[in-house]
Amino acid sequence: MMLTAATRLAGVVGRPIAHSLSPVLHNAWLEAAGLDGAYVAFSVAPDRFAAFVDGFRGGSLAGLNVTLPFKAAALAAADRVTDRASAAGAANVLVFGPDGTVSADNTDGEGLLYAFARQAPGFRPDSGPLVLFGAGGAARGAVAAFLAEGCPEVRIVNRTRARAEDLAAAFDARVRVVDPGDAVAALSGAAALVNASSAGLGSDAPPPPDLSAAPSTAVAMDMTYKPLRTPFLEAAAARGLVTVDGLDMLIGQARPAFEAFFGRPPPPGPDVRGLVLCTLGEAP
Ligand code: NDP
């Protein structure tokens with residue numbers, strides 16, 4: 001790819017960032033679209049994040065994707081915030097205006113719904129309760145997205161009850177907290193089970209929840225995409241449920257960001273899922 005003086009630049013910021021797959025996605029789309037653009041990764045010290053964002057005011061950078069641990073700080077750094085970023089309490093997209101302003105958005109919920117649409121076509125978020133494992137930033141975005149699509153009830157199961165209660169308090173009475181000990185009963189009648197916990201996958205990781213009480217019609221989704229087939233998805237598949245992996249969420253959250261940065265939707269051509277799977281060392 002030839003870079004010129006007119007190259008439009010965007011990137012992703014986080015710490016650590018070397019593992020990020022966003023450059024693979026965005027640069028594949030840029031190349032396929034024949035755009036004079038480039039997408040790079042930035043590692044920033046936590047206490048320098050606000051100064052880093054301020055340095056791009058004025059439009060020398062089209063925009064940034066934001067990942068851990070900066071999603072809440074990104075929201076605070078912005079002059080304008082979309083309703084969905086506000087509802088999620090976090091931003092994963094910052095767009096720099098030519099007038100020096102910074103706008104924040106959160107496309108994680110859109111990415112989540114994109115993943116369901118791709119891998120569980122016909123699933124409707126308004127068809128029944130969502131059982132959500134985890135109560136961090138990604139979980140909050142999931143709640144906002146499902147409620148906006150008419151989900152009648154969200155049951156939050158989280159290790160730390162206070163964090164789940166904080167999340168529930170940010171929404172209305174449709175969102176309630178369930179103790180992990182009552183998780184099996186909470187699966188009753190669920191339409192969707194989403195794992196938004198970042199619990200590690202090593203030998204000290206907690207076992208996946210018991211999904212045997214889930215209705216056979218429920219769809220199970222895990223936001224983790226490394227590995228693609230997580231213990232949660234294996235447990236769901238063993239129960240006979242339709243499963244949705246986290247990789248299409250990653251692609252689905254990147255699509256609106258690409259459009260915000262480069263002024264057009266991603267081109268239909270490149271098999272970005274296959275490209276990312278190769279990067280991850282997984283069979284396409
Ligand atoms: P946060 O750090 O904000 O939240 C982490 C959540 O995981 C909390 O609910 C935490 O519980 C729970 N957790 C962590 N360790 C354990 C453990 N050992 N046992 C039980 N629960 C645990 O992370 P995010 O919400 O930002 O991200 C969550 C996951 O989703 C990550 O794996 C992230 O990579 C993934 N993600 C994927 C995306 C995609 O595009 N596919 C997009 C965004 C996120 P507690 O409150 O008790 O600490």
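Just follow the structure's listing: the first ligand is 1, and inside any ligand the first atom is 1.
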Residue shell around ligand 1, heavy atom under 4.0 angstrom: Leu68, Lys71, Asp108, Gly134, Ala135, Gly136, Gly137, Ala138, Asn158, Arg159, Thr160, Arg163, Ala196, Ser197, Ser198, Ala199, Pro206, Met223, Thr224, Tyr225, Gly246, Met249, Leu250

Mind checking whether Phe133 and Phe232 have parallel, tilted or perpendicular rings, split at 30° and 60°? perpendicular

Take atom CZ in Arg48; do more than 12 heavy atoms of anything else shown fall under 6.0 Å from it? no

Apply side chain to side chain donor-acceptor pair (under 3.5 Å) to the pair Asn195 and Thr224, showing each step before the final yes or no. CA-CA 8 Å; Asn195 186 27; Thr224 296; 5.3 Å; no

Quick one: are the ring centres of Phe146 and Phe116 less than 6.0 Å apart? yes

Side chains of Asp36 and Thr4, donor plus acceptor under 3.5 Å: yes

Any chance the rings of Tyr39 and Phe258 have centres within less than 6.0 Å? no

